[in-house]
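Data first, discussion second: the structure below is written as structure tokens.
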Amino acid sequence: MGKTLRLVLGDQLNISHPWFSGRPDASVTYVLMEVRQETDYAPHHVQKVLAFFLAMRAFAEELRQAGHTVRYFPIDDPENRQTLGDNLHWLIASGDFDRFEYLAPDEYRLDVYLREFAAGLSIPSSMEDTAHFLTHRQELAEMFRGKKTYLMETFYRNMRRKHGVLMEANGDPLTGKWNYDADNRARYDGKAPIPTPWIYPQQVGDLLAMLEKAGVKTIGTVDAEAFIWPVTRAQALDALEQFVQKGLPHFGQYQDAMTGSHWSLFHSRLSFPLNVKLLNPLEVVNRAIREWEQRPGDIPFSALEGFVRQIVGWREYMRGVYWAHMPEYALKNYFGHDRKLPGFFWTGKTHMRCMQHAIGQSLEYAYAHHIQRLMVTGNFALLAGIDPAEVDAWYLGIYIDAIEWVEITNTRGMSQFADGGLVGTKPYVSTANYMDKMSDYCGGCHYDRKKRHGERACPFNSLYWHFYARHEDKLAPNPRIGYAYQTLRKMDPAERAATLAQAEAYLEGIEGL
Ligand code: FAD
């Protein structure tokens with residue numbers, strides 16, 4: 001009987017995949033590997049590397065327990081050749097395999113790599129779907145063929161219809177309204193107590209020592225006695241339960257809120273288990289819907305819709321944008337920004353309190369919620385004209401959930417407008433006004449949120465106007481941002497000059513901000 005080798009990548013831990021259902025087949029070997037090729041392509045947060053390896057190890061064990069044959073390469077295995085290709089070649093040559101199969105990678109980089117690898121083999125090979133996403137790779141591109149912008153709202157409504165999510169039988173949206181965004185923009189007022197973050201403590205000292213011994217370079221910190229992230233299917237399901245019970249009721253209302261006194265508010269922190277496929281997107285959404293059905297008085301529909309939109313809408317949408325526009329997307333730089341990322345992105349040592357908190361907690365937990373990523377660090381990087389490649393490398397490394405298909409589309413597209421407006425209809429930038437409206441950051445800050453220039457003027461204020469002034473040719477024609485240019489034109493010339501000079505001075509001394 002022929003023997004088949006099947007590759008499972010670290011973000012393909014989907015136990016419900018058809019590969020693993022049914023009786024184990026003795027002619028099939030599953031291979032998972034911890035390789036330097038993956039730890040070293042960007043400087044990753046130490047918790048991200050640990051989470052991937054822990055999840056892969058647990059998954060391999062789950063497969064073994066179910067009776068499957070598994071070959072696992074730990075990072076320090078003397079037989080580990082440290083690249084996927086070298087390990088696979090060696091296994092195929094030494095294991096007498098006559099067929100190679102792999103699951104469709106989510107990253108373009110690995111898609112090309114494995115296609116080329118498979119094409120070079122002398123045995124037959126095939127690529128299977130991961131049975132995770134609600135859309136196929138080209139679905140979004142097909143939906144928007146010929147269009148300059150891909151409206152997320154149009155895509156989202158199609159997805160709701162296609163999957164019958166929050167729909168009436170007659171094809172109308174449940175409650176008659178598609179979008180509750182307007183109800184989901186409250187500042188955190190302390191009325192609802194923020195739930196204690198649900199964590200999954202385990203000791204990771206041995207694995208950490210193994211990484212250090214192997215010389216894997218990482219960023220950020222970890223508590224080796226109490227690693228916090230869910231890394232097994234059971235933990236991921238528990239995290240989902242905790243979220244629907246404790247986070248969902250206020251998820252919508254405080255979705256955009258930020259506070260210096262907490263790192264995750266009412267957010268689900270399900271992105272890691274979702275992205276490595278420990279959880280399925282429809283399973284997550286359906287569980288939230290069930291909770292809302294059981295507790296309609298506790299969970300406003302706006303909270304449920306806001307959550308469903310993120311997963312059925314944004315997550316699938318970003319994946320579609322990625323596959324429609326890679327590999328060119330990774331080089332997009334609409335504004336031609338080329339400044340180096342300031343050193344404080346790697347330390348959190350800045351006087352801007354919002355940045356201190358967003359970066360500080362990212363280094364501590366490998367996590368920041370969406371508005372911190374978009375309106376604090378992303379906003380600053382865009383206003384300051386940082387090279388999108390540097391911004392991408394930072395986001396790709398630092399977050400627990402960062403995998404290129406969802407990182408780059410959010411970073412280059414949504415946050416840096418480097419695609420010129422494919423994902424977002426206008427740049428997400430703001431002065432300190434927005435920060436103060438949505439957070440308590442400005443209160444204790446070294447800088448004065450009300451000042452555009454002068455001593456201790458908040459850098460976001462002058463940089464905001466500098467950004468619009470320097471990109472007037474590209475942005476002024478955009479009807480969605482006419483108001484900014486109206487204000488700039490009406491601004492007293494001396495005020496304008498002082499504001500732009502302040503921005504120049506801040507950019508000159510950016511490392512000291
Ligand atoms: P919640 O707020 O609880 O949202 C629920 C789920 O919705 C998330 O788990 C996620 O799966 C999905 N979701 C929400 N917003 C988005 C979005 N914009 N795109 C895709 N899915 C979304 N998300 C990643 O998974 N990986 C990344 O590398 C990543 N990089 C980002 C970079 C920038 C600059 C920005 C602005 C956003 C990025 N996001 C990324 C999207 C989003 O910020 C995270 O998914 C979210 O913060 C994860 O935390 P959570 O699980 O608590 O999310």
Side-chain angles (χ1 to χ4, degrees), residues 11 42 44-45 48 106-107 132-134 152 155-156 181 184 195 197-198 229-230 236 239-240 242-244 246-248 250-252 254-258 262-285 287-288 303-322 345 358 361-362 365-382 386 388 391-418 423-424 427-429:
D11 63 349
H44 302 286
H45 197 292
K48 181 181 172 191
D106 289 333
E107 282 187 301
H132 172 83
F133 290 100
L134 308 177
M152 204 301 277
F155 171 79
Y156 168 62
D181 256 3
N184 289 346
W198 39 95
W229 293 98
L240 174 58
Q242 301 287 334
F243 167 70
V244 296
K246 301 173 187 167
L248 185 60
H250 299 286
F251 175 85
Y254 299 124
Q255 195 175 341
D256 288 1
M258 297 177 281
H262 206 277
W263 61 282
S264 60
L265 283 118
F266 299 89
H267 292 274
S268 70
R269 285 176 294 111
L270 290 175
S271 48
F272 174 75
L274 269 166
N275 291 355
V276 297
K277 306 180 181 56
L278 288 172
L279 293 175
N280 176 275
L282 264 192
E283 159 184 57
V284 170
V285 158
R287 179 65 193 88
L304 178 68
E305 190 280 320
F307 183 68
V308 166
R309 164 185 299 269
Q310 305 312 314
I311 293 178
V312 169
W314 281 110
R315 187 168 184 267
E316 297 285 329
Y317 170 84
M318 289 307 198
R319 169 176 146 87
V321 168
Y322 183 76
F345 269 80
Q361 75 162 67
S362 303
Y365 299 110
Y367 178 86
H369 61 76
H370 187 67
I371 294 301
Q372 292 177 303
R373 298 186 201 196
L374 186 65
M375 297 311 294
V376 182
T377 41
N379 186 6
F380 181 86
L382 180 54
I386 311 296
V391 186
D392 257 337
W394 186 78
Y395 278 99
L396 186 61
I398 202 155
Y399 291 119
I400 192 81
D401 51 32
I403 305 180
E404 193 190 63
W405 64 270
V406 58
E407 174 280 319
I408 203 169
T409 41
N410 271 293
T411 303
R412 282 206 185 227
M414 183 186 263
S415 157
Q416 299 301 294
F417 204 75
V423 165
Y428 282 98
V429 286

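First listed ligand is number 1; within each ligand, the first listed atom is number 1.
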### Query
What do we get for Phe243 next to ligand 1 when only non-hydrogen atoms under 4.0 Å count, side chain, backbone, both or neither?
neither
## Note on the structure
When rounded to the nearest 0.5 Å, the distance separating CG of Leu274 from CD of Glu283 is 8.5 Å
### Summary
With heavy atoms and a 4.0 Å threshold, my read on which part of Ser264 contacts ligand 1 is neither
### Summary
The closest protein heavy-atom partner of atom 42 (C) of ligand 1 is His370 ND1, 3.4 Å
#### Entry: Cation-pi check, Arg309 onto Tyr156 ring (under 6.0 Å, within 45° of axis)
yes
### Task
Determine, considering heavy atoms only, which of Arg315, Glu316, Glu407 sits nearest to atom 20 (C) of ligand 1.
Arg315
### Identity and separation of the nearest protein heavy atom to atom 6 (C) of ligand 1
Ile311 CG1, 3.7 Å
### Message
Regarding atom 5 (C) of ligand 1: of the candidates Phe266, Tyr367, Trp314, Phe307, which has the closest heavy atom?
### Response
Phe307
### Message
Restricting to non-hydrogen atoms, name the atom on His132 and the atom on Leu279 that form the minimum distance, rounded to 0.1 Å.
### Response
CE1-O, 3.1 Å
### Task
Would you please classify the geometry between the Phe345 ring and the Phe380 ring as parallel, tilted or perpendicular, with 30° and 60° separating the classes?
tilted
### Task
Ignoring hydrogens and angles, tell me if any N or O in the side chain of Arg373 forms a donor-acceptor pair with the backbone of Asn410 under 3.5 Å.
no
### Contacting atoms of ligand 1, where contact means under 4.0 angstrom from a heavy atom of Ser415
34 (C)
### Message
A side-chain contact here means heavy atoms from C-beta on lying under 4.5 Å apart; do Asn184 and Asp256 qualify?
### Response
no
### Query
By number and element, which atoms of ligand 1 are closer than 4.0 Å to a non-hydrogen atom of Phe251?
1 (P), 2 (O), 3 (O)
### Message
Check for me whether the distance between the ring centres of Phe272 and Tyr367 falls short of 6.0 Å.
### Response
no
### Message
Donor-acceptor check, side chain of Gln361 to backbone of Trp263, threshold 3.5 angstrom: yes or no?
### Response
yes
### Task
Please work out whether any backbone atom (N, CA, C, O) or any side-chain heavy atom from C-beta onward of Asp401 is under 4.0 Å from ligand 1, and answer side chain, backbone, both or neither.
both
### Message
Is the contact between Ser271 and ligand 1 made by the side chain, the backbone, both, or neither, using heavy atoms and a 4.0 Å cut-off?
### Response
both
### Query
Nearest heavy atom to atom 38 (C) of ligand 1: which of Asn410, Thr411, Thr377 does it belong to?
Asn410
### Query
Considering only protein heavy atoms, which is closest to atom 29 (C) of ligand 1, and at what distance to one decimal place?
Arg373 NH1, 3.3 Å
#### Entry: Name of the residue among Val284, Asn275, Leu134 meeting side-chain contact (heavy atoms from CB on, under 4.5 Å) with Arg315
Asn275
### Message
For the OH atom of Tyr365 and the NE2 atom of His45, what is their distance to the nearest 0.5 Å?
### Response
11.0 Å
#### Entry: atom 53 (O) of ligand 1 [closest protein heavy-atom partner, distance rounded to 0.1 Å]
Ser268 OG, 4.0 Å
### Summary
Heavy-atom proximity to atom 7 (O) of ligand 1, picking from His267, Arg309, Gln310, Met414, points to Gln310
### Message
Check for me whether Tyr399 has a heavy atom closer than 4.0 Å to any atom of ligand 1.
### Response
no
### Task
Report, in ascending order of atom number, the atoms of ligand 1 lying under 4.0 Å from any heavy atom of Ala402.
27 (C), 28 (O)
### Enumerated ligand 1 atoms positioned under 4.0 Å from heavy atoms of Met318
19 (N)
### Message
Checking a contact table here: which protein heavy atom is nearest atom 23 (N) of ligand 1, and how many Å away?
### Response
Val406 CG2, 3.7 Å
### Task
Would you check if the side chain of Gln310 reaches a backbone N or O of Phe307 as a donor-acceptor pair within less than 3.5 Å?
no
### Query
Between Ser264 (side chain) and His369 (backbone), is there a donor-acceptor pair under 3.5 Å?
no
### Task
Name the orientation class of the two ring planes belonging to Tyr395 and Tyr399 (parallel below 30°, tilted from 30 to 60°, perpendicular beyond 60°).
tilted
### Message
As an exercise, identify every atom of ligand 1 less than 4.0 angstrom from a heavy atom of Ala368.
### Response
47 (O)
#### Entry: Numbering as shown, the atoms of ligand 1 that approach Leu374 to under 4.0 Å (heavy-atom distance)
36 (C)
### Query
Taking atom 25 (O) of ligand 1 as the point of reference, which of Asn275, Leu248, Leu270, Val308 owns the nearest heavy atom?
Asn275
